[in-house]
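Inspection log for the structure reproduced underneath, given as structure tokens.
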Amino acid sequence: MYYALPKEYREAETDELRERIRIAKEKLGNKAIILTHHYQRMEVVEFGDAVGDSYGLSKIAASSDHVEYIFFCGVHFMAESADILSSDNQLVFMPNPLAGCPMADMAEISDVLEAWEYLEKIGGDKKIMPVSYMNSAAELKAFTGEHGGLICTSSNADAAYKWGFARREKLFFFPDRHLGYNTGIKYGFKPADMVLWDFSRENGGLTVEQVEQAKVILWKGHCHVHTNFKAEHIKETREKYPEAKIVVHPECPAEVVENADATGSTSFIVKYVDQQPSGSTIAVGTEINLIHRLAHQYPDKKIFVLSGRICPVCANMYRTTLNDLAYCLENFKDIKPIRVDEDIKQNARLALERMLEVH
Ligand code: 13P
Ligand code: SF4
């Protein structure tokens, strides 16, 4: 996809952009809503009618029947989900349509179908419940819905596991191996109960016995932002700040999650930080924009990134700027909305609606 902002918007000063956004918002009144994910730039979040995690923002999108336009400042799978959950007469726009999620791209539908075909061949498909993380393309959501499964986010993954195991013997979890694994451990499984489906290898690199014995099959996807965090960062933080609380996102590897004080979605992290008493020291293992915003919002607490050696920025979340927002709000009538094909929408909605019911 080619996308370039007109010069007028690229070169506008921040104060001018703010004023133009304010006026455009005022003009749209209650016809529009701006949704911003927790990882968005602080100046973008300021203009959001809501800020939240992917679960929370989906809920808002699903229940905002009163608006005609949803402006989604986040990444592509979030805007797609908003389009699936909103009604047909509502339009969803992404101020920067190039913002994708590399983890979502790790589960291509052709690879998923190939894996499922193999499972059908060995007679396992009836026993297996597909559970897909919200960070996935609409096609994978539709596949999940069609095969009886549901979507989960990091805030309802535990409940999604319970839901899945109440109905089938095993889960096939797409595409984040870490969220899938961390949730499996919380559910009570041993590492040996979970196997990794390597989509670059024939039959996922697994034998029939391995598939049969597994309780959870994990797709080999990951978030390159959260996998930067390591157990040694926790050790160093504990040594340097013995009083610190450490809170991380469940997309981090198990070695990090197991040694942290708390783990949860971005909204969980926000709440956790809020609940720590004034004067607390809190190291956070997630995307840097959220950490900066928290540090700014709670000047009475010492809040910093879990490791000073890395900068966990999600370049895709960072793409959306005030320039994009101003352009999108002023010109949305000439911009292509985010639209999921009707044939995909129906099953994808089924899987997303199950997600909204399971919490
Ligand atoms: P949340 O659902 O916790 O907001 O996470 C979304 C995400 O992309 C984390 O990397
Ligand atoms: Fe995707 Fe990771 Fe960015 Fe979240 S932080 S949107 S999982 S790349």
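Residues: numbered from 1 along the sequence shown. When reading the values below, keep in mind they use all heavy atoms of this one structure, side chains included, and skip hydrogens, waters and symmetry mates.
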Report task. State yes or no: do Ile335 and Leu35 share one hydrophobic cluster built from I, L, V, M, F, W and Y residues joined by side-chain heavy-atom distances below 4.5 Å, directly or via other members? Result -> no
Query raised in the report: More than 12 non-hydrogen atoms from neighbouring residues, nucleotides or ligands closer than 6.0 Å to NE2 on His66, yes or no?
Result: yes
Requested in this report: Quick one: which residue pairs count as a salt bridge (charged side-chain N to carboxylate O under 4.0 Å, His left out) with a foot in residues 255-272, not counting sequence neighbours?
Outcome: Arg238-Asp261
Query raised in the report: Just by distance, do the side chain of Asn156 and the backbone of Val358 share a donor-acceptor pair under 3.5 Å?
Result: yes
Query - Any side-chain heavy-atom pair of Ile288 and Tyr318 under 4.5 Å - result: no
Query raised in the report: By salt bridge (Lys or Arg N to Asp or Glu O under 4.0 Å), which residues pair with Asp193, not counting sequence neighbours?
Result: none
Query raised in the report: Would you find more than 12 non-hydrogen atoms of other residues, nucleotides or ligands less than 6.0 Å from Tyr118 atom OH?
Result: yes
Query raised in the report: Quick one: side chain to side chain contact (heavy atoms under 4.5 Å, CB included) partners of His76, sequence neighbours excluded?
Result: Glu80, Met94, Ile338
Requested in this report: Could you verify whether a donor N or O on one side chain and an acceptor N or O on the other, from Ser267 and Ser265, lie under 3.5 Å apart?
Outcome: no
Report task. Report the C-alpha distance between Tyr9 and Glu330 in whole Å, list the side-chain angles of each, state the deciding distance to 0.1 Å, and finish with yes or no for side chain to side chain donor-acceptor pair (under 3.5 Å). Result -> CA-CA 11 Å; Tyr9 290 90; Glu330 289 184 347; 2.5 Å; yes
Requested in this report: Could I get the full list of side-chain hydrogen bond (donor to acceptor under 3.5 Å, both in side chains) partners for Thr263, not counting sequence neighbours?
Outcome: none
Query raised in the report: Are side-chain heavy atoms of Pro250 and Thr183 found at a separation under 4.5 Å?
Result: no
Report task. Decide if atom CD of Glu19 counts as having more than 12 heavy atoms of other residues, nucleotides or ligands within a radius under 6.0 Å. Result -> yes
Query raised in the report: Taking C-beta and beyond as the side chain, do Tyr55 and His359 meet within less than 4.5 Å on heavy atoms?
Result: yes
Requested in this report: Starting at CG of Asn289, measure out to NE2 of His37 and round the result to the nearest 0.5 Å.
Outcome: 11.5 Å
Query - Under 3.5 Å: donor-acceptor pair, side chain of Arg10, backbone of Asn323 - result: no
Query raised in the report: Should Phe72 and Val67 be regarded as members of a common hydrophobic cluster, given that ILVMFWY residues are connected when their side-chain heavy atoms come within less than 4.5 Å of each other, either directly or indirectly?
Result: yes
Query raised in the report: Between Leu150 and Val131, is any pair of side-chain heavy atoms under 4.5 Å apart?
Result: yes
Query raised in the report: So how far is it from Ile269 CD1 to Thr286 OG1, rounded to the nearest 0.5 Å?
Result: 4.5 Å
Report summary line: From the list Glu243, Lys240, Lys302, side chain to side chain donor-acceptor pair (under 3.5 Å) with Thr281 holds only for Glu243
Query raised in the report: Out of curiosity, does Val225 fall in the hydrophobic cluster containing Val270 (side-chain heavy atoms, cut-off under 4.5 Å, transitive links)?
Result: no
**Report entry** Partner set under side chain to side chain contact (heavy atoms under 4.5 Å, CB included) for Glu353, not counting sequence neighbours
**Finding:** Leu85, Arg349
Report summary line: Correct closest heavy-atom pair for Ser86 and Val92 would be OG-CG2, 4.1 Å
Report summary line: dist Ser81:OG -> Ile151:CD1 (nearest 0.5 Å) comes out at 7.5 Å
**Report entry** Any donor-acceptor N/O pair, Arg177 side chain to Leu196 backbone, under 3.5 Å
**Finding:** no
**Report entry** Min side-chain heavy-atom separation Pro191-Tyr181 under 4.5 Å
**Finding:** yes
Query raised in the report: When rounded to the nearest 0.5 angstrom, what distance separates NE2 in His178 from CE in Met103?
Result: 8.0 Å
Query - Expected output: side-chain Asn316 to main-chain Gly100 donor-acceptor under 3.5 Å - result: yes
Query raised in the report: Between Gln90 and Ser87, is there a donor-acceptor pair closer than 3.5 Å when you use the side chain of the first and the backbone of the second?
Result: yes
**Report entry** Side-chain heavy-atom pair Asp83, Lys345 within 4.5 angstrom cut-off
**Finding:** yes
Query raised in the report: Shared ILVMFWY cluster between Ile217 and Phe165, side chains joined below 4.5 angstrom?
Result: no
Report summary line: d(Phe229 CZ, Ile246 CD1) to nearest 0.5 Å is 11.0 Å
Query raised in the report: Is the number of heavy atoms from other residues, nucleotides or ligands under 6.0 Å of Lys301 NZ greater than 12?
Result: yes
With a 3.5 Å cut-off and sequence neighbours excluded, list the donor-acceptor pairs that the side chains of residues 42-49 form with protein atoms.
| unit_1 | atom_1 | unit_2 | atom_2 | d |
| --- | --- | --- | --- | --- |
| Glu46 | OE1 | Arg18 | NH1 | 3.1 |
| Asp49 | OD1 | Lys25 | NZ | 3.3 |
| Asp49 | OD2 | Ile34 | N | 2.7 |

**Report entry** Partner set under side chain to side chain contact (heavy atoms under 4.5 Å, CB included) for Gln346, not counting sequence neighbours
**Finding:** none
Requested in this report: Quick one: do Phe332 and Leu28 satisfy side-chain contact (heavy atoms from CB on, under 4.5 Å)? Show the steps, please.
Outcome: CA-CA 11 Å; Phe332 66 91; Leu28 280 162; 3.7 Å; yes
Report task. Report the hydrophobic cluster partners of Leu350, with the cluster defined as I, L, V, M, F, W, Y residues connected by side-chain heavy atoms closer than 4.5 angstrom, directly or transitively. Result -> none
**Report entry** Flag side-chain contact, heavy atom, 4.5 Å: Val284 against Tyr272
**Finding:** no
Query - Short N-O contact, Lys235 and Glu239, less than 4.0 angstrom - result: yes
Report task. Could you name each residue pair satisfying salt bridge (charged side-chain N to carboxylate O under 4.0 Å, His left out) that touches residues 152-176, not counting sequence neighbours? Result -> Asp158-Lys186
Query raised in the report: How would you list, by chain and number, every residue that makes a side chain to side chain contact (heavy atoms under 4.5 Å, CB included) with Glu232, sequence neighbours excluded?
Result: Lys230, Glu236, Arg309
Give every donor-acceptor pair under 3.5 Å between a side-chain atom in residues 141-148 and any protein atom, sequence neighbours left out.
| unit_1 | atom_1 | unit_2 | atom_2 | d |
| --- | --- | --- | --- | --- |
| Lys141 | NZ | Met134 | O | 2.7 |
| Lys141 | NZ | Ser136 | O | 2.6 |
| Lys141 | NZ | Ser136 | OG | 3.4 |
| Thr144 | OG1 | Ser132 | OG | 2.7 |
| Thr144 | OG1 | Leu140 | O | 2.6 |
| His147 | ND1 | Phe143 | O | 2.9 |
| His147 | NE2 | Trp116 | NE1 | 3.4 |

Requested in this report: Please round to the nearest 0.5 Å and tell me the distance separating atom OG of Ser54 and atom OH of Tyr39.
Outcome: 8.5 Å
**Report entry** Result of checking Leu5, Leu329, Leu98 against Asp324 for side chain to side chain contact (heavy atoms under 4.5 Å, CB included)
**Finding:** Leu5
**Report entry** Side-chain donor or acceptor of Asp53 paired with backbone N/O of Gly56 under 3.5 Å
**Finding:** yes
Query raised in the report: Which of parallel (below 30°), tilted (30 to 60°) and perpendicular (above 60°) describes Trp219 and Phe199?
Result: parallel
Query raised in the report: Would you say the side chains of Tyr133 and Glu251 form a donor-acceptor pair under 3.5 Å?
Result: yes
Query raised in the report: Are Phe77 and Ile84 grouped together when hydrophobic residues (ILVMFWY) are joined by side-chain heavy atoms under 4.5 angstrom apart?
Result: yes
Query raised in the report: Should the heavy atoms of other residues, nucleotides or ligands under 6.0 Å from CG of Asn30 be counted, would the total exceed 12?
Result: no
**Report entry** By side-chain hydrogen bond (donor to acceptor under 3.5 Å, both in side chains) - contacts of Glu8 (at least two apart)
**Finding:** Arg20
Query raised in the report: Would you say Ile291 and Ile303 make side-chain contact, with heavy atoms under 4.5 Å?
Result: yes
